[in-house]
Amino acid sequence: MPELPEVERVRQSLAARAVGRGVRAVEVRRPGVVRGDRSTTALLAGHRITAIERLGKQLAILGSPVDTTMGEEPRCLCIHLGMTGSLCVVTNDNSPRKHIHVVWHLDDGSRIEFRDPRRFGGIWVYPNKAELLKHRWRHLGADALRISPAELYAALHQTRRPIKAALLDQEIIAGLGNIYVDELLFGCGIHPLSRSDRLSLEQFRGLVPRMKRLLRRAITAGGSSLRDYVDANGQAGEFQLSHRVYGRRGLPCRTCGKALSHTRVGGRMTVFCVSCQKRY
DNA sequence: CCTTAATCCTGGAAGC
DNA sequence: TGCTTCCAGGATTAAG
């Protein structure tokens, strides 16, 4: 499930292969995944890809018209990979893979394939980046790699929700998902059911740098590949090998050896160590 | 305010 | 072996 590190990996690998390229044609095989204007022009046909940006777990693909007489409007696509989405750049006519919903044909003969078996992801079409910022991205909190301890504390000290539920809330902080929240809370020694308002600014001064270090290490390792995740080159990550709690319920804690506990928080599987993580 | 559950969806795993 | 059932979960929405 692509969270911030995986989405950042996709951003980097996709940018390396697609920025500067022109889009010759766009194929929409399953229109339902596209929200808004489904015309191929709105989906960047006849445009040059100028940048690929990220906020939390979402990507924005920006494009300018190749023929400037057509109008100057720089287009913007927002792509959310959901649980199983991927964006791959391919050059050959290999095995026709299932669940490819949208294909961008580029001017060097390669193509970008948006594949999403479970279809929790999607593509949101905007006339420009300002509109994306004004609507869809307005509801997102600060990016997890940029947020400050004071900012996070300000958002959390006034809610009684369990810390795990609050950290998963993209309106509070953008980018964390089930894997990295469990890993982070274990790394900080904080029980996932701790009340958010019981944590001090001092604790966030410890948590935020740890979070950024965790996410950066995961990015360097290529992200966590559990089942579907691959970057734009089809490359899987290796950070799953470093997980200390996610997916390890019942297994011995790597710090104290005690069997890891599990519960559900906000409907999500939560794994933690009852002796290494203190409940506030 | 906060929680739970249902919804979307497929494929892998587990059970019989 | 082959069938059925369950489960995973990001975000949204409705209901308690």
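Treat the numbers as computed from the prediction; the structure is a model and nothing was measured. The chains referred to below are lettered A, B, ... by the order of the sequence lines, with proteins before strands, and numbering in each begins at 1.
- Between A:Y280 and A:H191, the ring centre distance reaches or exceeds 6.0 Å.
- Across the protein-nucleic acid pair, A:L81 atom CG and C:dG9 atom P stand 18 Å apart, rounded to whole Å.
- The CZ atom of A:R195 sits 12 Å away from the C1' atom of B:dC1 (whole-angstrom rounding).
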Show your reasoning for whether salt bridge (charged side-chain N to carboxylate O under 4.0 Å, His left out) applies to A:R111 and A:E27. CA-CA 10 Å; A:R111 57 190 196 275; A:E27 237 182 293; over 6 Å; no
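- Around CZ of A:R160, the count of heavy atoms belonging to other residues, nucleotides or ligands within 6.0 Å does not exceed 12.
- Between the NZ atom of A:K98 and the P atom of B:dC9 there is a distance of 15 Å, rounded to whole Å.
- Taking five base pairs at each end of the helix from B:dC2-C:dG16 to B:dC16-C:dG2, the local helix axes there meet at an angle of 60°, rounded to 10°.
- A:R54 has a carboxylate O that lies under 4.0 Å from a charged side-chain N of A:D143, or vice versa, which qualifies the two as a salt bridge.
- Rounded to whole angstrom, the span from the CZ atom of A:R115 across to the P atom of B:dT10 amounts to 12 Å.
- Of the candidates A:T40, A:I49, A:I112, A:I112 is the only one forming a side chain to side chain contact (heavy atoms under 4.5 Å, CB included) with A:W104.
- One interatomic measurement links the two molecules: CD of A:E171 to C1' of C:dG10, which rounds to 13 Å at whole-angstrom precision.
- Considering only side-chain atoms of A:M269, the nucleotide from C:dG9, B:dG11, C:dA11 that sits closest is C:dG9.
- More than 12 heavy atoms of other residues, nucleotides or ligands shown are found within 6.0 angstrom of NZ on A:K212.
- Comparing B:dG11, C:dG9, C:dA11 against the side chain of A:H80 picks out C:dA11 as the nearest.
- Rounded to an integer number of Å, the gap from A:Q170 CD to C:dT12 P is 9 Å.
- One finds a salt bridge joining A:D107 and A:R21 here, because a Lys/Arg side-chain nitrogen approaches an Asp/Glu carboxylate oxygen to under 4.0 Å.
- Annotation: proximity of residues 116-144 of chain A to DNA chain C (heavy atom, distance under 4.0 Å) is found for A:R118, A:F120, numbered in ascending order.
- A salt bridge is absent between A:E6 and A:K57: the closest approach of a Lys/Arg side-chain nitrogen to an acidic carboxylate oxygen does not fall below 4.0 angstrom.
- At whole-Å resolution of the value, CG in A:L167 and C1' in C:dG9 are 17 Å apart.
- Salt-bridge check for A:E131 with A:K134: passed, with a basic side-chain N closer than 4.0 Å to an acidic carboxylate O.
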Polar atom pairs (N or O), protein with nucleotides 2-6 of chain B, under 3.5 Å:
| from | atom 1 | to | atom 2 | distance (Å) |
| --- | --- | --- | --- | --- |
| B:dC2 | OP1 | A:T159 | OG1 | 3.0 |
| B:dC2 | OP1 | A:R160 | N | 2.7 |
| B:dC2 | OP2 | A:T159 | OG1 | 3.3 |

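- For CD of A:Q12, the number of neighbouring non-hydrogen atoms (other residues, nucleotides, ligands) closer than 6.0 Å is greater than 12.
- Salt bridge present: A:D169 and A:R161 bring a charged side-chain N and a carboxylate O closer than 4.0 Å.
- If you take CZ of A:R268 and P of C:dC7, they are 17 Å apart, rounded to a whole angstrom.
- The side chain of A:H99 sits closest to B:dT10 out of C:dG10, B:dT10, C:dA11.
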